[in-house]
Structure formats: structure tokens, C-alpha cells
2 protein chains.
Amino acid sequence: MGAGNAPSKKAAPTNSLLRNSAPIFAALGDETRLRLIAALCAGRAMSIAQLTSGTEITRQAVTKHLCVLADVGLVRDIKVGRERLWEFEPTQLEEARRSLEVIARQWDHALHKLKMAVER
Amino acid sequence: MGAGNAPSKKAAPTNSLLRNSAPIFAALGDETRLRLIAALCAGRAMSIAQLTSGTEITRQAVTKHLCVLADVGLVRDIKVGRERLWEFEPTQLEEARRSLEVIARQWDHALHKLKMAVER
DNA sequence: TTCATATGCTACCTCCTGGTTGCATTATAA
DNA sequence: TTATAATGCAACCAGGAGGTAGCATATGAA
């Protein structure tokens, strides 16, 4: 046993906001998925075949990406005839925006405190 | 050759904003890294050992996470004596916020157009 | 009915990621 | 000088992610 490799026992009181938003960021963290979201943000629901044309990857890969997005609620599907139409779901995107704002606010607050301490 | 498995040839004109922000979202898409960011947002720079205590993982794992964050510019390190202090870098977080806002704006715009078309 | 289209499902492959251990290196402190 | 603390570095491992191919199923149209 060596140089400080053993981790601490106690877990910090987990911030549920951050825990919930990590999967959303992970889903957003892929260029192909961001393109799919951008396409669906154009407004109208699109089928898998439509979303595949305009990509370099196969229909099956697109389906997987859509499922990843659906798992975190960024996207939703409706079955219409033999097609499966996908549409954007903005709720979870708002969740992600709130998380980033919380971080930014904490940072600004820390800077403000630091400035106060320096000027005191 | 089978049932619509062949992808299209032409690539869509790639939105550079989305391409650039995907790695940032990917870096944010891990609970451990979000916790590290939250810790560093408290204001003062922290050493690897400090960031490790309060986690269930090893110092080496924390180092890897910090490197992932540094690769996308979310965090920066300064060497001080035998310590290596890490601090938050808000610039790239703003980039991520802008990306989410662009998506949200496109979505709102599409909804508005849809509403206009319906009422016409 | 019969064919073509849109999709579902499964197996498979490769590479990356998160994590670990072990040992070397650097720098502070006694 | 000599421990000791903080970190760097490399090898290693298991599992998941992104991607593909092949075949089955369902539905619309002729």
C-alpha cells in the first residue's frame, strides 16, 4: 500500500440535481445525437428513414441513438402506420439548462465572496 | 442488400456549434465529474488529494476525470510546489449554455411557425 | 394476394471509458 | 540527508458504446 491511494469512506451529500442531469449531458455528448436533435427541432416529427438519410451511418445506428435520447426523455416517438415518428421533447433540455445555470451561479457567488474577502 | 440499410451519401452542412459542444457535454455527462466541477465552483483551487477525499474512488481515477475536464477546457491546473491545484474555468461552460439556448430557440421558432400555419 | 417499404430484433465486432494496482519521481520537512 | 507526502506514469481489466450485418415482422399499395 502506497502513496495516498486509499479513498475516503464518507460520501458527500449528493446533489440530486447533478445526479439527475449527468445522464442528460451524456446523451447530449455525441455529435450524431446533437444533429438528430437539431433536425427534430425543425418542428415536424420525422421517421427513422428520414433521419437516416443525411447521415453517414446505418438506420440501425440511428435507431440506437434515438433510443439513447428517448431514455433520458429528450425525444419521444409516435407510431403512425408502419412508420415510427420521432419528435423533440424540450422538458429535459430545460433541466440541463437549469443545471448549467446552477453551476454558473455558484461560481459567480464564489467569485463575489472572494472579491469581498480581498477588499475587506 | 436489404431493407433500407444503406445510408445516404451526402453529409448535411455540419453545424460547427454543435460539433464543438458535443465533447463538452460528454465531459459533463458523468456524475463524478459533475461533482468535481461543483467542488471547484466553491471558489478556491484544490489539489488532487483534496478532491479525492470525499469520493469513493482512487486518486488515479480522480486524476483521469480531471484530465477529461481539462481536455475540453472546463478546468485548469496550476503547479504549486509538490501540489497540483485545479480550478474551474467558466468559459467552456458558457459555450455549453449557448448551445442549449440555440436548440431551445430553434424549437421555439419552429413552434411559432407551426402555430402561424395552423391559424392561417 | 403479392410486392415493396419501414421498422424490429439479435448477434457480433472494435474501441473507449472508468476503474484499479504497482512503482517511479518530486518536493517538503525534520 | 532521509523520511514522507503529493503526484506522475504505465499496464491491466471489465463493461459499455457506437457501429455493422442478417433476418424477421408489419403495413401500405398494386
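Order of the sequence lines fixes the chain letters, A, B, ..., with proteins taken first and strands second; residue numbering starts at 1 for each chain. The basis for the numbers below is simple: all heavy atoms, side chains too, and nothing from hydrogens, waters or symmetry mates.
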Looking only at D:dT7, D:dC9, D:dA21, the nucleotide nearest the B:Gln60 side chain is D:dC9

Distance-only donor-acceptor test, B:Glu31 side-chain atoms vs C:dG18 base atoms, 3.5 Å:
no

Please report the distance, rounded to the nearest Å, between CZ in A:Arg59 and P in C:dC9.
11 Å

Rounded interatomic separation in angstrom, taking CG from A:Leu85 and C1' from C:dT5
14 Å

Residues at least two apart in sequence or cross-chain that pass salt bridge (Lys or Arg N to Asp or Glu O under 4.0 Å) with A:Asp77, listed by chain then number, are A:Arg84

Go through the structure and list residues passing salt bridge (Lys or Arg N to Asp or Glu O under 4.0 Å) with B:Glu101, not counting sequence neighbours.
none

Qualifying residues under salt bridge (Lys or Arg N to Asp or Glu O under 4.0 Å), relative to B:Arg98, sequence neighbours excluded
B:Glu95

What residues, two or more places apart in sequence or in another chain, satisfy side-chain contact (heavy atoms from CB on, under 4.5 Å) together with B:Ala26?
none

Can you list the residues that meet the salt bridge (Lys or Arg N to Asp or Glu O under 4.0 Å) rule with B:Glu89, with sequence neighbours excluded?
B:Arg76

Can you sort out the partners of A:Phe88 under ring-ring contact (aromatic ring centres under 6.0 Å, His included), two or more places apart, ordered by chain and number?
B:Trp107

Rounded to the nearest 0.5 Å, what separation is found between the OG1 atom of B:Thr52 and the CG atom of B:Leu36?
8.5 Å

Enumerate all atom pairs, one protein N or O and one N or O from nucleotides 27-30 of chain D, separated by less than 3.5 Å.
| from | atom 1 | to | atom 2 | distance (Å) |
| --- | --- | --- | --- | --- |
| D:dT27 | O2 | A:Arg82 | NH1 | 3.1 |

Within the sub-3.5 Å range, which N or O atoms of nucleotides 17-19 of chain D have a protein N or O partner, and how far apart are they?
| from | atom 1 | to | atom 2 | distance (Å) |
| --- | --- | --- | --- | --- |
| D:dG18 | OP1 | A:Arg33 | NH1 | 3.1 |
| D:dG18 | OP1 | A:Arg33 | NH2 | 3.0 |
| D:dG18 | OP2 | A:Arg33 | NH1 | 3.2 |
| D:dG19 | OP2 | A:His65 | NE2 | 2.2 |
| D:dG19 | N7 | A:Lys64 | NZ | 2.8 |
| D:dG19 | O6 | A:Lys64 | NZ | 2.5 |

Closer than 4.0 Å, any side-chain N/O of B:Arg84 to the OP1 or OP2 of D:dG8?
yes

Output all residues satisfying side-chain hydrogen bond (donor to acceptor under 3.5 Å, both in side chains) with A:Thr63, sequence neighbours left out; order by chain, then residue number.
none

Expressed in angstrom and rounded to an integer, what is the separation of A:Ile78 atom CD1 from C:dA6 atom C1'?
16 Å

